[in-house]
Amino acid sequence: MPLSYFQCSECGKRFDPGQVTYNCPACGGNLDSHFTFEENPNEVRISAILESREPSIWRYAPLLAAPDPGFAATPLHQVGWTPVYQPETLRKSLGMRELWIKDESRNPSASFKDRASALVIARAVEADIPTIIAASTGNAGAAMACMAASIGRQAVILAPRSAPPAKVAQLLTFGARVLLVDGSYDQAFELSIEASRELGWYNRNTGYNPYTVEGKKTAGLEIWEQVLQLRAKDAPNLTIFIPVGDGNILSGVAKGFADLLALGWIEKLPRLVGVQAEGSAAIYNAFKAGANAIQPVNAKTAADSISVDLPRDGLRALNRVRQSGGYYLTVSDEEILAAIPTLGSAGLFVEPAAAAAFAGLRTALRQGLHSPDEPALVLCTGSGLKDINAAMRAVEPAPIIEPTLTHLKEALHV
Ligand SMILES: *Cc1c(COP(=O)(O)O)cnc(C)c1O
Ligand SMILES: [Zn+2]
């Protein structure tokens, strides 16, 4: 078992893994997992990973905080190892030298969140806890419900009443016990913690359960393997654009690279750019102010997956960006929606939160924060099928015609 100890990302206290389940008991900070391979890098052979034929996050089992629970022929073993594209037309239209897009809609429940839910379910199997509860704006819950269903366990999901219908449909279809909370995500979050305390259920909440970030780090490991290892030996100065709500995805990607650094498999961290919606910019505000505390906002954005009043992993995500030499920026809802058909033109169908990362790259290029000569990777975190209404707002409606060739020619001007 490679897990060695937990360490609080805020007060630095260390804990034995058997001693704590969620946040730091001393200060409430989020816990970082530390591994035996940090002391002893020879424990894991790089070839064991690079030569693995496992096309999922479980190829990284020697680096993960919970063991591979098996269930090889289920969606649990289809999480991760998502494709990385090099969209030529987009690259040229941005005047860039190198551009990659990692397509997380290819996960079993069609978002990045499957990575976290897979690790949480692995931990639940290891600790033999039958019921898992999660509060979610939609995707984390859908991912948890999908992972639980794929191994025949029970999930209880609390989502805000305002969650997009497609996400609620997913939850219900996966057979989770779903409650729509007449309130915000933040209220659902607090309620789920109360329920897990009272009822003994395992709580998956983002920025509370230390295994979510450990699942999400697999995206960093994949970017290393798919881009830095294989394609960009000449371009180690990669910048990664990540959409940010709670900050847990960004912290996860950063953790993957921190582990690689500890193993001596990379020499420097890639630069991380956190992209927030203008209407949900609590971490950006702290970054801009040079602050070390995060003030909640009244979040309002079309990108529901990054609409967060109080980011649950905000401080860690702030520090990870600083450590990487990166920065935070914001994009407007108009820019987010405009990025949906732009990514569509490269064959990708994304939800608004995923489009935000690409809109962030555009903004960074426009503001001179990112040079077109520097390689960039955009993390597209979720499928457009998750939020059809947003996609329809981003495009012109199709004309309706009489079923004749004349009308077809007239409508297409041919
Ligand atoms: C959750 C989510 C995000 C943001 O992740 P955080 O960990 O909250 O910062 C971005 N995009 C999609 C599609 C998501 O589901
Ligand atoms: Zn602490």
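These numbers were taken from a predicted model, which means no experiment stands behind them. Numbering of ligands and ligand atoms starts at 1, following listing order.
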With a 4.0 Å cut-off on N to O distance, would you call [X] and [Y] a salt bridge?
X	Y	result
Arg97	Glu374	no
Lys167	Glu351	yes
Lys217	Asp259	yes
Glu51	Arg59	no

- Backbone or side chain, does any N or O of Ile249 fall under 3.5 Å from an N or O of ligand 1? yes
*Do any nitrogen or oxygen atoms of Ser111 lie less than 3.5 angstrom from nitrogen or oxygen atoms of ligand 1?*
no
Contact region, Glu351 to ligand 1, non-hydrogen atoms below 4.0 Å, reads side chain
The angle formed at the Zn ion (ligand 2) by SG of Cys27 and SG of Cys24 is about (to 10 degrees) 120°
Query - Ring centres under 6.0 angstrom apart (Phe287, Tyr328) - result: yes
query = For the residue pair Phe15 and Phe6, is the inter-centroid distance of their aromatic rings smaller than 6.0 Å?
reply = no
If we number the atoms of ligand 1 from 1 as shown, the ones under 4.0 Å from a heavy atom of Gly245 are 4 (C), 6 (P), 8 (O), 9 (O)
Under 4.0 Å from one or more heavy atoms of Gly247, ligand 1 contributes atoms 6 (P), 7 (O), 8 (O), 9 (O)
the protein heavy atom lying closest to atom 14 (C) of ligand 1 turns out to be Lys113 NZ, 2.8 Å
key: Heavy atom of Ala354, distance to ligand 1 below 4.0 Å   = no
